[in-house]
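Sequential numbering from 1 along the given sequence is applied to the chain's residues.
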Amino acid sequence: MTGLDPDNWDELRRLGHRMIDDMVDRLATLRDGPVWRPMPDGVRDALHETLPTGPTSPEILYERFRALIAPYATGNTHPGFMGWVHGGGTGIGMLAELLAGGLNANCGGRDHAPVEIERAVIGWAARIMGFPDDATGLLVTGSSMANMIAVVTASRAAPDGLGLRRAGVGGRRLVGYAAATAHGCIARAFDLTGLGTDALRVLPVDADHRMDPAALQAAIAADRAAGLEPFIVIGTAGTVDTGAIDDLDAIADIAAREGIWFHVDGAFGALAMLSPTRRPALRGLERADSLAFDFHKWAQVPYDAGCILVRAPGWQAAAFAQSLAYLSREDRGLAGNAPWFCDLGPDLSRGFRALKVWMTLGTYGTDRMGLMVDECCAVAQHLARRVDAEPLLERLAPVGLNIVCFRVRVPGVDLDRLNGELVKDLHESGVAAPSTTMVDGVRAIRAAIVNHRTVAADVDDMVDTLLRLLADRLETVA
């Protein structure tokens, strides 16, 4: 036998049923276990076994998964996970991954149903975000890639920008603009695309951690006077540190007046557009020339599922399309159905990410997803009130959406170190997993309420445990 199919399909079927039962049980009982647990050295070593040269039964490999992998996952499915910005996933999304794996479709192009599902999902995304029906886009690994695609597309949309595909960026003096609160992937996009991080002007923010539009206007004027070429301004819908939303409408006005590309990094915050109560805070997002966001954050789609949308059709293809003999498009047959998604970004081989988005949005509908966004924000407001009521806690930033930044404050100690150590203590307690960041120069405990399973009692448990851990540390010092 030279193929890799099993000799007995019924044995595979039984194993698959067991896997699904176990994973559904795991989702149903998440609260019974810790958010996260440290991985013992012996387990870590066991995962780095020698390359297998002979066969191992899938049943044995599955037992290794249950013993060595599942107990030591990130924990972002758990309601106590509040670190960084990780979605919690859903059961239907998990099953969609199984179906997509069974089809094993390459969605770079060609004429097949998975490509049409991605087109449908891009159309849904455009309607959610207020973009026109003919907007283009594609699903990518995440907002890091989506933002990079936007930077490339914007540079090609600049005057004589298409020549950059042949000559490169070295002969041009292109510059862009983002606030100091922008995600690090923005500077990384300037780096990796050859523009260089010096070409990104980092602008000051106001007391609410939002870009200063006056500083943007002044920076553009200064660069034009110096003979530079402003080509993009990047607003943020939900900053990574505090969840602040730039004044997108004001930025859109400036970009339109100056004739430069307006891009929005809405990695998690853009999906507040699902909520009628939160949507007004994003006014101006619908005016963007391009938008990056992640379905795998607030939309709860399993990783990975980022998205890039471009308002005007044609610009993505102008930036990325290739004409190659071995990728010729035909008027019929499997090689038909142009344009292909490989013309809209750097990847030729692309998985069927769209199915899990399609099934998640289809299962819950945008109305229920909007209510979920509201509930996350309500839990964040509950946490903010709890922090404000505790004498030993200090809130460090306004709570605009779903992120609460605060710290423990006691006299006579190194507060940055204390708060960092307490977060690690929280992780090891298994009760909650916030992360840390810096806000106005001080270390903050940062709780992002993104998981649809997180309720007010979970953030109360985090605060109660934090105060207990603080008391233990202060008692030890005393």
Side-chain angles (χ1 to χ4, degrees), residues 35-36 79-86 179-184 204-212 236 238-246 268-269 281 375-451 454-478:
V35 179
W36 175 84
F81 190 96
M82 305 169 204
W84 303 278
V85 186
H86 290 187
T181 49
H183 194 278
V205 297
D206 62 18
D208 292 328
H209 306 275
R210 309 194 314 165
M211 181 192 290
D212 180 350
T236 301
T239 59
V240 67
D241 288 320
T242 67
I245 301 171
D246 288 336
F268 77 91
E375 289 163 1
C376 287
C377 293
V379 172
Q381 290 295 333
H382 175 86
L383 174 57
R385 290 190 295 271
R386 176 71 193 275
V387 167
D388 292 344
E390 293 290 344
L392 293 176
L393 301 182
E394 175 188 19
R395 187 155 54 86
L396 298 173
V399 181
L401 283 175
N402 60 334
I403 295 178
V404 183
C405 290
F406 66 101
R407 67 172 175 170
V408 165
R409 183 162 186 168
V410 293
V413 298
D414 181 341
L415 291 180
D416 281 0
R417 183 177 185 280
L418 174 62
N419 281 276
E421 291 300 314
L422 285 169
V423 167
K424 288 183 276 188
D425 292 343
L426 269 174
H427 292 176
E428 292 176 349
S429 76
V431 172
S435 54
T436 64
T437 191
M438 301 297 290
V439 176
D440 295 330
V442 301
R443 184 168 298 281
I445 300 171
R446 177 183 171 282
I449 314 303
V450 188
N451 191 331
T454 305
V455 297
D458 296 309
V459 298
D460 282 333
D461 285 347
M462 177 185 67
V463 173
D464 292 342
T465 304
L466 175 67
L467 294 174
R468 177 178 58 77
L469 293 167
L470 171 63
D472 291 344
R473 280 190 170 271
L474 295 179
E475 183 179 341
T476 300
V477 172

- Query: Between the main-chain N or O of Pro434 and the side-chain N or O of His427, is there a donor-acceptor pair closer than 3.5 Å?
  - Reply: yes
- Heavy-atom distance under 4.5 Å between the side chains of Arg395 and Val404, does that happen here? yes
- Search all heavy atoms of Ala448 against all heavy atoms of Ile403 and return the closest pair with its distance. CB-CG1, 4.0 Å
- Message: Within the 4.5 Å heavy-atom criterion, are Arg473 and Asp425 side-chain neighbours or not?
- Response: yes
- Task: Flag the pair Thr236 / His183 as yes when at least one side-chain heavy-atom distance between them is below 4.5 Å, and no otherwise.
- Result: no
- Starting from the C-alpha separation in whole Å, work towards a yes-or-no answer on side chain to side chain contact (heavy atoms under 4.5 Å, CB included) for Leu383 and Met462. CA-CA 10 Å; Leu383 174 57; Met462 177 185 67; 3.9 Å; yes
- Is the side chain of Asn402 donor-acceptor paired with the backbone N or O of Ala380 at a distance under 3.5 Å, no angle test? no
- Query: Is any side-chain heavy atom of Leu418 less than 4.5 Å from a side-chain heavy atom of Leu422?
  - Reply: yes
- Message: Tell me whether Asp464 is salt-bridged to Arg386, with the criterion being a basic N under 4.0 Å from an acidic carboxylate O.
- Response: yes
- Message: Has Gln381 got a side-chain atom pairing as donor or acceptor with Val399's backbone, closer than 3.5 angstrom?
- Response: yes
- Note, Val379 side chain near Val459 side chain (heavy atom, < 4.5 Å): yes
- Query: Would you say the side-chain atoms of Arg446 pair up with the backbone N or O of Trp84, donor to acceptor, closer than 3.5 Å?
  - Reply: yes
- Note on the structure: Tested for side chain to side chain contact (heavy atoms under 4.5 Å, CB included) against Leu393, the lone hit among Asp388, Leu467, Leu470 is Leu467
- Main-chain N/O of Met211 paired to Asp246 side chain as donor or acceptor, under 3.5 Å: yes
- Message: As an exercise, state the distance from CZ of Arg443 to CD of Glu421, rounded to the nearest 0.5 Å.
- Response: 10.0 Å
- Message: Strictly distance-based, threshold 3.5 Å: is any side-chain N or O of Thr239 a donor or acceptor partner for the main-chain N or O of Ala244?
- Response: yes
- Message: Tell me the closest heavy-atom pair linking Ile449 and Cys376, and the distance in Å.
- Response: O-CB, 3.3 Å
- Query: Can you name the closest pair of heavy atoms from Ile245 and Ala281 and give their distance?
  - Reply: CG2-O, 3.6 Å
- Can you list the residues that meet the side chain to side chain contact (heavy atoms under 4.5 Å, CB included) rule with Asn451, with sequence neighbours excluded? Arg453, Thr454
- Mind checking side-chain hydrogen bond (donor to acceptor under 3.5 Å, both in side chains) for Glu394 and listing every partner two or more places apart, or none if nothing turns up? Arg407, Arg409
- Task: Give a yes or no answer on whether the side chain of Asn419 reaches the backbone of Ala444 with a donor-acceptor pair at less than 3.5 Å.
- Result: no
- Query: Just one of Val455, Leu466, Val431 clears the side chain to side chain contact (heavy atoms under 4.5 Å, CB included) bar with Asp461, so which one?
  - Reply: Val431
- Query: Would you say the side chain of Asp241 lies within less than 4.5 Å of the side chain of Cys405, judging by non-hydrogen atoms?
  - Reply: no
- Task: Would you check, one step at a time, whether the test side chain to side chain contact (heavy atoms under 4.5 Å, CB included) holds for Val450 with His86?
- Result: CA-CA 7 Å; Val450 188; His86 290 187; over 6 Å; no
- Item | Min side-chain heavy-atom separation Met82-Val35 under 4.5 Å | no
- Taking salt bridge (Lys or Arg N to Asp or Glu O under 4.0 Å) as the test, write out the residues that go with Asp206, two or more places apart. Arg210
- Item | Sub-4.5 Å side-chain heavy-atom contact between Val442 and Asp416 | yes
